[in-house]
Amino acid sequence: MKIPWVLAICFLFSTAAYGQALDLKDLDKLADKAKDVTDITLDGSLLKFAAKFLSNDDPDQAKVKKLVAELKGIYVKTYEFESDGEYTEADLAPIRSQLRSPGWSRIVGVHSKKEGDNAEIFLKTGGTDPGGLAILCVNPKELVVVNIIGKIDLDELSALGGNLGVPKLDLDKSKPSKPSEKKEN
Amino acid sequence: MSNLEDDLKAALRREEPPADLANRVLARLNGLPEPTWRERLSVLVRPPRLQWVALCMIVSLLVPFGAVQYRNRQGERAKVQLLLAVHLAGNRLHQAQKRVLESSRMDTRI
């Protein structure tokens with residue numbers, strides 16, 4: 001009689017741990033339509049394992065090592081399409097629905113009517129939850145979803161992004177960060 | 001000295017075998033059962049013990065070496081994935097911040 005209870009408790013704990021990450025499985029069907037797909041899944045154990053191989057001598061790798069020290073998982077999915085309209089807003093609905101759940105709050109939303117770009121940044125905070133970050137970049141020919149679980153320094157992460165050819169910006173750090181919504185025309 | 005020589009001569013002197021020795025040996029050999037094909041084959045494939053020891057030593061060295069190599073390869077692959085994931089996430093965050101900053105600068109000018 002005790003075994004089913006133990007199994008049920010184990011199942012609840014496992015789903016709770018899994019539930020910290022966004023469920024991105026609904027995007028898998030887009031892989032057939034996309035010309036280029038990047039799918040990176042680094043859960044807690046794999047993340048720690050990967051971090052061990054980062055060199056302390058390389059300044060960039062040392063920064064990444066420090067950045068991911070408190071992370072529980074990184075999930076990235078990118079899809080590049082040949083033409084516009086290969087995916088619809090309905091494909092993103094399951095993810096948006098998860099991002100509307102309690103704990104998640106949108107801190108940045110950038111829309112460009114001219115180019116059709118749409119970038120949104122969500123933060124998860126509160127309670128015993130380790131917190132997290134979600135980035136949703138929607139472009140007519142490209143879709144990028146990033147989900148990071150754990151405590152993360154956004155400035156450090158952004159600075160590392162500048163190494164990919166994007167020049168580092170001198171963002172005014174003296175101003176307190178607050179939720180912003182900007183529309184470009 | 002002469003006693004020793006006598007003793008040696010006595011010990012090493014040729015003795016004729018019994019007359020029926022050859023017949024008895026041949027009879028015994030003919031009485032032995034023929035080895036089966038499995039027994040003949042097993043003789044061919046049975047390596048000497050020294051080879052087994054050498055083989056065990058090589059395997060005991062190769063298995064940990066292979067395991068370490070496999071682990072390192074997996075780790076390097078995971079590291080590349082991690083760096084790519086961090087760069088992708090950072091790049092998108094950076095672009096969003098840049099656009100927010102540009103928009104706020106435009107607002108300020110207006």
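Each chain gets a letter, A, B and so on, in the order the sequences are listed, and its residues count up from 1.
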ILVMFWY cluster, B/Y70 and B/F65 together (side-chain gap under 4.5 Å): no
Part of B/R71 lying under 4.5 Å from any heavy atom of chain A: both
A/L71, part contacting chain B, at a heavy-atom distance under 4.5 Å: neither
A/L46 side, atom CG; B/Q74 side, atom CD - distance, nearest 0.5 Å: 9.0 Å
For B/A96 against A/I121, the heavy-atom pair lying closest together: CB-CD1, 3.7 Å
A/K72 NZ: over 12 foreign heavy atoms closer than 6.0 Å: no
Minimal non-hydrogen separation, A/S158 against B/Q97, with atom names: OG-OE1, 2.5 Å
Over all atoms of both residues, closest heavy-atom pair of A/V76 and B/A85: CG2-CB, 3.8 Å
A/D117, part contacting chain B, at a heavy-atom distance under 4.5 Å: both
Min side-chain heavy-atom separation B/R99-A/S112 under 4.5 Å: yes
Nearest non-hydrogen partners of B/V86 and A/L157, listed with the distance: O-CD1, 3.7 Å
Contact summary for B/A78 and A/L42, nearest pair of heavy atoms: O-CD2, 4.2 Å
Side-chain heavy-atom pair A/I135, B/L93 within 4.5 angstrom cut-off: yes
Side-chain donor/acceptor of B/H87 to backbone N/O of A/L160, under 3.5 Å: yes
Audit row: A/F53, B/N72, side-chain contact (heavy atoms from CB on, under 4.5 Å) steps and yes/no: CA-CA 8 Å; A/F53 285 83; B/N72 285 346; 3.8 Å; yes
Contact origin within A/L54 toward chain B - heavy atom pairs under 4.5 Å: both
Shared hydrophobic cluster, A/F49 / B/V68 (ILVMFWY, side-chain heavy atoms < 4.5 Å): no
Value rounded to 0.5 Å, distance of CG in B/L88 from OG1 in A/T78: 6.0 Å
Heavy-atom side-chain proximity of B/Q81 to A/L47 below 4.5 angstrom: no
salt_bridge(B/E76, A/K52) N-O dist < 4.0 Å: no
Toward chain A, the part of B/L83 with a non-hydrogen atom under 4.5 Å: side chain
